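These notes are about the structure you will find just below.
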Amino acid sequence: MILTIILTLFVLSLLLGLVEIFLMPGFGVCGIVGVVCAFVGVGVVFGYYGIVYGLVAALAVVVAGGLLLYWVMHSKRIERLSLHARIDSSVANESLDVVKVGDRGVALTRLALVGNARIGSVECEVHSAAGFIEEGTPIEVTKLRFNEVYVKPVVN
């Protein structure tokens, strides 16, 4: 009876691992339950059969997990599920290279912390450094950080 429970736990662990890999990718419920079944199975072997058989069971789980991982990594199904698209674009906007701190422009949209503005001849997304700024308000660039432009309203 105990041997049947142990084998059932190990088979269930393997099946849940396969379900996690092929049907529901990600480390979710099936993966966690599968790992718990493997640990419980090894624990039961240690409890009922002793240290020697427990170590053999633990080694078997590690080897079976390693073989499963090797098989998955070299599986054609994983290759078919993989994304093969190339991303040739970037977030960087080359037209922002001409924008400098101190440049002035006008808000094209309401800057509710983020909005669009025209600075010189460049239309870009800007971040308000001074709260909300209404559409049509003259603005000045206060800071450039990576690809973000921070502005404040021009005070006359």
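Here the structure is a predicted model, which is why all the values come from computation and not from measurement.
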Cluster link Phe46 to Val62, ILVMFWY, side chain under 4.5 Å: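 Different hydrophobic clusters.
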Do Ile2 and Val11 land in one hydrophobic cluster if side-chain heavy atoms of ILVMFWY residues count as linked below 4.5 Å?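 Not linked; separate clusters.
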Would you call the rings of Tyr70 and His74 parallel, tilted or perpendicular if under 30° counts as parallel and over 60° as perpendicular? tilted
[X] versus [Y]: any side-chain heavy-atom pair under 4.5 Å?
X	Y	result
Val141	Lys100	no
Leu12	Leu16	yes
Tyr49	Ile6	yes
Val122	Asp103	no

Under a 3.5 Å distance rule, please check whether Thr137 uses its side chain to pair with a backbone N or O of Ala107 as donor and acceptor. no
For Val106 and Ile139, the nearest pair of non-hydrogen atoms, with its separation, is N-CG1, 3.8 Å
Show the nearest heavy-atom pair for residues Cys30 and Val19, with the distance to one decimal.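 Residues Cys30 and Val19, closest heavy atoms: SG-CG1, 3.8 Å.
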Working to the nearest 0.5 Å, report the span between CD1 of Ile133 and NE2 of His127. 12.0 Å
Nearest-0.5 Å distance, CD of residue Glu135 to CG of residue Asn116: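 It comes to 10.5 Å.
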Determine the sole option in Val42, Leu15, Val44, Val40 for which the side-chain contact (heavy atoms from CB on, under 4.5 Å) test with Phe10 is passed.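 Going through the options one by one, the only one that passes is Val42.
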Cationic N near anionic O, under 4.0 Å, Glu140 to Arg104: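 Judged by the 4.0 Å cut-off on N to carboxylate O distance, Glu140 and Arg104 do form a salt bridge.
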Stepwise salt bridge (Lys or Arg N to Asp or Glu O under 4.0 Å) check, Arg118 with Glu123: CA-CA 4 Å; Arg118 176 177 289 118; Glu123 287 186 21; 2.5 Å; yes
